[in-house]
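Down below is the structure, laid out as structure tokens.
Proteins come first, then strands; the chains are lettered A, B, ... in the order of their sequence lines, and each starts at number 1.
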Amino acid sequence: MVPQKDPDNLTEDEARDELAHLAGVLAAANRDYHTLDAPELTDAEYDRLKRRNSAIEARFPALKRSDSPSDQIGAAPAEAFSKVTHAVAMLSLGNAFSDDDVRDFDQRIRKYLGLGETADLRYTAEPKIDGLSLSLRYEDGRLVQAATRGDGAVGENVTANALTIDDIPEVISGAPSVLEVRGEVYMAHADFEDLNVRQSKSDAKTFANPRNAAAGSLRQLDAAITRSRPLRFFAYAWGALSEPLSDRQSGAVARLADLGFSTSPLLKTCASPDEMIAHYQNIETQRADLGYDIDGVVYKVDDLSLQDRLGFRSTTPRWAIAHKFPAELAWTRLRSIDIQVGRTGALSPVARLEPVTVGGVVVSNATLHNEDYIAGRDSRGRQIRGGKDIRVGDLVQVYRAGDVIPKVADVDLSQRQEGSERYEFPRTCPECGSAAIREEGDAVRRCMGGLICPAQAVEKLKHFVSRAAFDIEGLGARQVEQFCTDGWIAEPADIFTLRDRYGSGVKQLKNREGWGEKSALSLFDAIDEKRQIPLARFIFSLGIRHVGEAASGLLALHYGTWPALRDAMLAARDKEGPAWDDLVSVDGVGTVMAGSVVDTLAQDAERASIDRLTAHLEIQKATAPQTGNSPVAGKTVVFTGTLEKMTRAEAKARAERLGARVSGSVSSKTDILVAGPGAGSKAAKAADLGIEILDEDAWLALIEGQ
DNA sequence: AGCCCTCGAGCTCG
DNA sequence: CTCGAGGGCT
């Protein structure tokens, strides 16, 4: 954060300037908030500015403006909720959309666990409530904290609000000393209708659907308001526990009910995918009569010891899945098709629609995926059976995938207007006129203009300043766009010369709407703060195709410094030789990624642009991340022979969970070889290299209790 | 060939 | 946040 003068030390002129600036910024933020534009200010930042404004007004009451932000009503809340780090992450679920997806789910689990087709394997099936998830932490039977899901790792503390919900007991008896109950906060249909009637009578805004009403009600800063809202809660899971609730999912949910929580009356234990699907259909027929919104059915492996063995993928458990109901559909007219150009030059078609309500939300734009989708062809370019080309003026069906992203699903050909024409996907970039080429096997057509293309240049700059890249405070997507239009910046290096070029004449900035002398100066400071940057962030910020956050981390770790990476890429430009082999040998980097990095740096214009940038930066060396403290953390492990207690996939996942790296072949880098019966050449090689060899039992003993 | 992940791009909400 | 496409690994 930029250091600011204490209000007491401001001159009257400075105070007047800053108040004017704050009034502009806060008014703009309020406008954004209400017109649903992408907000530039976080809640926290908004609060900070508002407090700053009040502090200055307190010191200089005479300077208080007629349009003072402190007098605005309905502005953002005074304080935000505190953050809560979940002891056990709140993950999301994978999705199934068809009966076959459900059978695949069962098959995957059987395969992972090494179970046969007929082995007993039971699942729970229950409705998926459409609300928002909440984690309730009880210590010695008393509710001490309620937290929203947030991003899964960190949520918001809404304890005071949760306590106003009738279904959430403040005190429970007979529970483990630590118990985190997880479930869904929702609003019943009847309560939702009543609330909206009350809201409109008091001229307050009505809610579009029960889900939004529940979310809005729970996130009230004033718990008294939450209390007046009829929220309910279903418990269906748990986080941290001092002792197990049961050895089965169904048993644990029953235990939660015993403790006084509401649980779904429709939870059923099923012995096969057929039973699960039957229960899904059963729930679907009751859906309209339940009195609350549900959006599918959740299946979970019932045996908790199996859940434990199955574990997690990066963001979802292997042992549960959500079987979604078909999305709501709506028909509307396709007004036009626009083409947007992304940072890698990808041309993506966007449908501009007659506004239509889908699932309680008005949709006027929707993605059309790509060229083939519009033409009615599949990804290999073959005409889709019954496929139809989509034309401007057509009546199209839209839905919101995952209840979020609007998509065009279908066309009503019987409603096609006379004289309509097949949509011609552009062969040149609509922004710069360069050729737009589609590579063999690629679904997207790309503008070949590279740095020449203004659209690509702007998108690249937006990426450059984005959260995971340079993340410069006060320089968001909108400012970048503005600066580009004004010709102040054309490439990343220009950001770092802004002060030199305009610092003496900040008045120029000051004349622009929303900008004052102060904000210009703080922007310069914020830019200066980022002149030191970790190597991984720097690589990511370059926006090289196929190189995102994860790949940037790998490259940073492997090469350590920017000059080392740069030199190596130039040495590998012919895609052969030791430098190339070394690059491709990085775990997680294949020929496509490698080619992309090498090609980018081999281009004179790109390299020159990057070199101009690095001249202003101090790129920090990459250091290896902290490894865990398990006995195998940071070790490279190889499994060979037959494993009898678990499948290969399970053994690998477990080792990785403990921080080990699992490799397929023995080399000098291998630390441990786990050899089952029938181990052959790998065991011999490991013995030659003097590598520690364990049998399966010894391995399990080593990692036991971890 | 299958699995799992990352990348890139889309849109709306509070 | 969500999805589809595509890359990498086994």
Side-chain angles (χ1 to χ4, degrees), chain A residues 29-30 32-39 41-43 46 74 76-77 80 92 94-95 97 104 107-108 111-112 132 149-152 205 207-209 211-213 215-220 312-316 318 324 327 338 340-351 353 358-370 372-373 379 398-408 439 441-444 446 459 462-463 466 468 540 543-554 584 586-596 639 648-649 652-653 656 662-665:
Chain A
N30 282 337
D32 287 350
Y33 189 88
H34 294 296
T35 56
L36 305 180
D37 250 333
L41 288 183
T42 61
D43 287 353
Y46 180 97
S92 50
N95 292 323
F97 297 101
D104 287 348
Q107 287 300 312
R108 266 202 310 278
K111 193 170 162 205
Y112 189 91
L132 60 155
R149 197 181 95 90
D151 64 3
K205 89 174 171 87
F207 293 98
N209 54 53
R211 211 205 95 85
N212 286 356
S217 301
L218 189 69
R219 292 192 77 258
Q220 291 293 326
F312 301 86
R313 288 195 282 253
S314 61
T315 57
T316 58
R318 285 195 187 82
K324 296 302 217 37
D338 281 359
Q340 300 193 338
V341 182
R343 103 178 122 84
T344 61
L347 268 45
S348 29
V350 179
L353 308 162
V358 195
V361 168
V362 178
V363 166
S364 45
N365 302 310
T367 174
L368 281 161
H369 301 278
N370 55 46
D372 283 345
Y373 191 80
S379 57
V398 295
Y399 71 105
R400 297 200 306 145
D403 278 336
V404 181
I405 313 288
K407 298 197 168 178
V408 173
E439 271 168 52
D442 221 350
V444 300
R446 284 176 205 281
E459 293 304 314
K462 285 185 190 168
H463 172 81
S466 68
F540 176 68
I544 298 168
R545 179 137 88 106
H546 303 305
V547 181
E549 261 188 284
S552 300
L554 296 174
V584 173
V586 177
D587 200 12
V589 177
T591 52
V592 176
M593 248 186 226
S596 181
F639 293 98
R648 208 46 93 73
K652 180 176 191 292
E656 283 171 349
V662 177
S663 162
S665 56

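By the 4.5 Å heavy-atom criterion applied to side chains, A:P406 and A:V398 are not counted as neighbours. Residues A:L353 and A:V363 are in side-chain contact: their nearest non-hydrogen atoms beyond the backbone lie under 4.5 Å apart. The shortest distance between side-chain heavy atoms of A:R149 and A:S92 falls below 4.5 Å. Between A:V589 and A:V584 the shortest side-chain heavy-atom distance does not fall below 4.5 Å. Contact check for A:R318 versus A:F312: no side-chain heavy atoms found under the 4.5 Å cut-off. Under the 4.5 Å side-chain criterion, counting only non-hydrogen atoms from C-beta, A:Q340 is not in contact with A:E459.
Among the protein residues, A:R318 comes within range of the sugar-phosphate backbone only, with heavy atoms under 4.0 Å from sugar or phosphate atoms but none that close to a base. No engagement by A:R400 is indicated, since no non-hydrogen atom pair under 4.0 Å with the nucleic acid exists. Among the atoms of the strands shown, only primed sugar atoms or phosphate atoms (P, OP1, OP2) are found under 4.0 Å from some heavy atom of A:A551. Within 4.0 Å of A:V444, counting heavy atoms only, lies no atom of the nucleic acid at all. Note on A:S92: nothing from the nucleic acid sits closer than 4.0 angstrom, heavy atoms only.
Across the interface with DNA chain B, nearest-nucleotide mapping of A:G216 and A:R313 shows A:R313 to be the residue nearer the 5′ end. Mapping A:F312 and A:A366 onto DNA chain B by nearest heavy atom places A:F312 at the nucleotide closer to the 5' end.
With B:dC4, B:dT12, C:dG7 as the choices, the nucleotide that has an atom nearest any side-chain atom of A:R108 turns out to be B:dC4. Of the candidates B:dT12, B:dG14, C:dG8, B:dT12 carries the atom nearest the A:S364 side chain, counting heavy atoms from C-beta on. Considering only the side chain of A:N365, B:dC11 comes nearest among B:dC11, C:dG7, C:dC9. Proximity note for A:V350 (side chain, C-beta onward) versus B:dG10, C:dC3, B:dG14: the nearest is B:dG10. Closest to the A:A346 side chain, of the nucleotides B:dC7, B:dA9, C:dC3, is B:dA9. Listed nucleotides C:dG4, C:dC9, B:dC5 differ in distance to A:H369; the shortest reach to its side chain belongs to C:dG4. With B:dC11, C:dG7, C:dC9 as the choices, the nucleotide that has an atom nearest any side-chain atom of A:H546 turns out to be C:dG7. Candidate nucleotides B:dA9, B:dT6, B:dG10 were compared by shortest atom distance to the side chain of A:A550, and B:dT6 ranks first. With B:dG10, B:dC3, C:dG8 as the choices, the nucleotide that has an atom nearest any side-chain atom of A:K111 turns out to be B:dC3.
A 3.5 Å limit on both hydrogen-bonding distances identifies C:dT10 as the Watson-Crick or G-U partner of B:dA1. Pairing for C:dC3 goes to B:dG8, judged as Watson-Crick or G-U wobble with the two contacts each under 3.5 Å.
Atoms CZ (A:R343) and P (B:dG10) sit 12 Å apart, rounded to a whole Å. One can place CG of A:L218 at 16 Å from C1' of B:dC13, the figure rounded to the nearest angstrom. Look at CG on A:D338: it is 15 Å from C1' on B:dA9, rounded to the nearest Å. Between the NZ atom of A:K407 and the C1' atom of B:dA9 there is a distance of 10 Å, given to the nearest Å. In this structure, the CG atom of A:N370 is 12 Å from the P atom of B:dG10, given to the nearest Å. The CE-P distance, from A:M593 to C:dG8, rounds to 5 Å in whole Å. One interatomic measurement links the two molecules: CD1 of A:I544 to P of C:dG6, which rounds to 20 Å at whole-angstrom precision. Note: CG (A:L132) to C1' (B:dG14) measures 13 Å, nearest angstrom.
Put simply, A:Q340 has a side-chain N or O that comes within less than 4.0 Å of OP1 or OP2 on B:dG10. OP1 or OP2 of B:dG10 has at least one side-chain nitrogen or oxygen of A:S348 nearer than 4.0 Å. Taking side-chain N and O atoms only, A:N212 has a distance below 4.0 Å to OP1 or OP2 of B:dG14. The phosphate of B:dC7 (OP1 or OP2) has no side-chain N or O of A:T344 nearer than 4.0 angstrom.
A donor-acceptor pair under 3.5 Å links the side-chain atoms of A:Y373 to the main chain of A:V408, judged by distance alone.
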